[in-house]
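Letters A, B, ... mirror the listed sequences (proteins, then strands); counts begin at 1.
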Amino acid sequence: MKLTMNKKTKDNLITYGIVVVAFAVFQLLAVTGNLSSHMKGLLVPMTYYAVIAVALNLCVGILGELSIGHCGFMCIGAFTSAFFSKVTEESLPTAPRFILAFVIGIAFAALFGFLIGIPVLRLKGDYLAIVTLAFGEIIKNVINAFYIGVDSKGVHFSLKNAMELGMEPDGQLIVNGAMGITGTPHNSSFTVGIIVLLLALFVVQNLVNSRDGRAIMAVRDNYIAAEATGINVTRYKMMAFIISAAIAGAAGVLFSHNITTLTASSQYFGYNASIMILVYVVLGGIGNIRGSVIAACILYLLPELLRGFNTYRMLIYSIVLIVMMIYSWSPKVLEWRKRTLGNINFPWKKQRA
Amino acid sequence: MALLEVNNLCISFGGLRAVDDFNLSIEKGELYGLIGPNGAGKTTVFNLLTGVYKPNEGIIRLEGQDITRKSTIEINHAGIARTFQNIRLFKNMSVMDNVKVGLNERFKYSTLEGILHLGKYSKVEKEMDAEAEKLLKVFDLDKEKDILASNLPYGKQRKLEIARAMATNPKLLLLDEPAAGMNPNETKELMDTIALVRREFDMTILLIEHDMKLVSGICEKLTVLNFGRVLCQGETKAVLSDPEVIKAYLGE
């Protein structure tokens, strides 16, 4: 057993190593002035997409439940934390405020993970996918209807318009319906993003190698046998779903503190965005946490890097998607990888194809 | 007091009385066989015993404790473990991890300790590893511990399923057609495994089986089910020579 323990630990360390090396390379490029300002602007989004890909992989790969509404949890994390940061912008210094923003974003995303998990986790397969999709859209659309303001009397809330709030003249309108939250402090940086990504990886990889993680995977592989083995299926499903939602919420906090105007638009939180993250997860290898990070980074940066190709951009992008799919899932390629690259992947993943 | 005491167990699916007035009493340490033609209700009895189905009537007692309407999980915690007719392993997990899932409820640390790998984590994980290796050794699976469960040969998958059930430290082990789909060699090996489980763990076993050679070879007592009712009950030899039983199996 000693050997496998070492192998698992080594595997985890390789993942952290890849992230740290990538961080160092990008920082070096930035410092030496080899990174255009456009590229610099892509670094933070790259980290939060990697974080949410890790979160979704916990749900899809480790728990085995297909969710296509994960951007909804990201949306909740983004709005609750941005709201908090706006309200306390003057009263709290940056560092503790940003940390508290993370706590709040994560806590609310986890809470909604719990609430949505209650009905959703009773379903299986396609039905689960459809309902999570609907929840993602509901979250987005409900937030679009919110008007929230703060004045000396406290918090005002309306679902109609800003006038309905009836605030004092010096009151501050924070959430302005479909216009969202404007002027959230720009606290997210590439460094913070990488730290959050490392923490997310730490949580998920450690969870997988603990008794709870084994129970979650047992539920994925055969819930009837898991129950007969005394595993509380509902509890472990819920646990994985909540942790996954919480990490997605952390990605949302990074998101909202990196953008000037935060709106609950389809572009960021709609089902297309959720599907895109699912693409990262599937192409990185379902259940392969490291693969999700790599796929998220490559597939996020690629369309931007391909701008030079103009009309051929999406053509090349789709070819890359196909190549990655073959690389991750084709049995022959997996065989070849096994021969040449050795044991880089999760041991159970290779055998799946 | 009998280890397992079942009285007047009944369940209907629609108009079909799948199990009717079923009684069973198993003493500690016995190896008890449940046989009967196809569709007689054997697996239904197992599903009733493990809480998959709730009976319409009747009572099930394990060591005098009423477990009749408990959930599958609670019944497992009370001390009944089972295997399945069609093997149900955690296929994408290693052999070792399959057994460790069985140990999950016996060796505990909190979720937070698990995520941070702090506190009791290392100590408890070591204990789990030691216990799992001990079990795998007994079932002669220790060389395959890092292999995926789905990559094991069929006979060893059966063994692993029994090992996983034993990991929950049961008082009673239910085996649902353990020899199904096995060739004579594998069946022979399975009989050895069952004998081994009894010897090593002093285990009480109730098994469903079609293979008469296996049944007459190892079971001490038998219950024969036919159309959901008990046809005959008692010592193996007496039961197998009972004319009613022969009629049920071979026709008139």
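Seen from the ring of B:Phe107, A:Arg211 does not count as a face-on cation partner, given the 6.0 Å and 45° thresholds. At least one cation-pi condition fails for A:Arg220 and A:Tyr236: the charged atom is not both under 6.0 angstrom from the six-membered ring centre and inside a 45 degree cone around its axis.
Atom NZ of B:Lys108 and atom NZ of B:Lys120 lie 10.0 Å apart (nearest 0.5 Å). Interatomic distance, CG of B:Asp97 versus CE of B:Met128, reported as 9.0 Å (0.5 Å rounding). Separation of atoms CD (B:Glu74) and CD1 (B:Ile80) is listed at 12.5 Å; rounding is to 0.5 Å.
Ranked by heavy-atom pairs under 4.5 Å with chain B, the list A:Val203, A:Leu207, A:Ile224, A:Val204 is led by A:Ile224. Here B:Asn76 is the residue among B:Thr72, B:Asn76, B:Thr83 with the most heavy-atom pairs under 4.5 Å with chain A. With respect to chain A, the highest number of heavy-atom pairs below 4.5 Å among B:Val101, B:Thr111, B:Asn104 belongs to B:Asn104.
Contacts of B:His117 with chain A are made by both backbone and side-chain atoms, with heavy-atom separations under 4.5 Å. Residue contact with chain B, scored on non-hydrogen atoms closer than 4.5 Å, is absent for A:Tyr223. Contacts between B:Tyr109 and chain A at a heavy-atom distance below 4.5 Å involve backbone atoms as well as side-chain atoms. Residue B:Ile147 does not touch chain A at all, counting heavy-atom pairs closer than 4.5 Å. Proximity to chain B (any heavy atom under 4.5 Å) is shown, for A:Val219, by neither the backbone nor the side chain.
Between A:Tyr280 and A:Tyr49, the ring-plane angle classifies as perpendicular under the 30° and 60° cut-offs.
Tested against B:Tyr32 for a side-chain contact (heavy atoms from CB on, under 4.5 Å), the candidates B:Leu174, B:Leu24, B:Leu207, B:Leu172 yield a single pass: B:Leu24.
When all heavy atoms are compared, the tightest approach of B:Ile208 to B:Pro178 is O-CD, 3.4 Å. Pairing each heavy atom of A:Asn12 with each of A:Gln205, the nearest pair is OD1-OE1, 2.8 Å. The two atoms that bring B:Arg158 and B:Asp176 nearest to each other are NH1-O, 4.3 Å, heavy atoms only.
Remark: the A:Asp212 side chain and the A:Ser210 side chain contain no N/O donor-acceptor pair separated by less than 3.5 Å.
The interface of residues 101-118 of chain A with chain B, defined by heavy-atom distances below 4.5 Å, is empty. Chain A is approached within less than 4.5 Å, heavy atom to heavy atom, by no residue from residues 40-53 of chain B.
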Enumerate donor-acceptor pairs with a distance under 3.5 Å from any side-chain N or O in residues 239-246 of chain A to protein atoms, sequence neighbours excluded.
from: A:Ser244; atom 1: OG; to: A:Ala55; atom 2: O; distance (Å): 2.7
from: A:Ser244; atom 1: OG; to: A:His70; atom 2: NE2; distance (Å): 2.6

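A search for side-chain hydrogen bond (donor to acceptor under 3.5 Å, both in side chains) contacts involving B:Asn98 returns nothing, not counting sequence neighbours.
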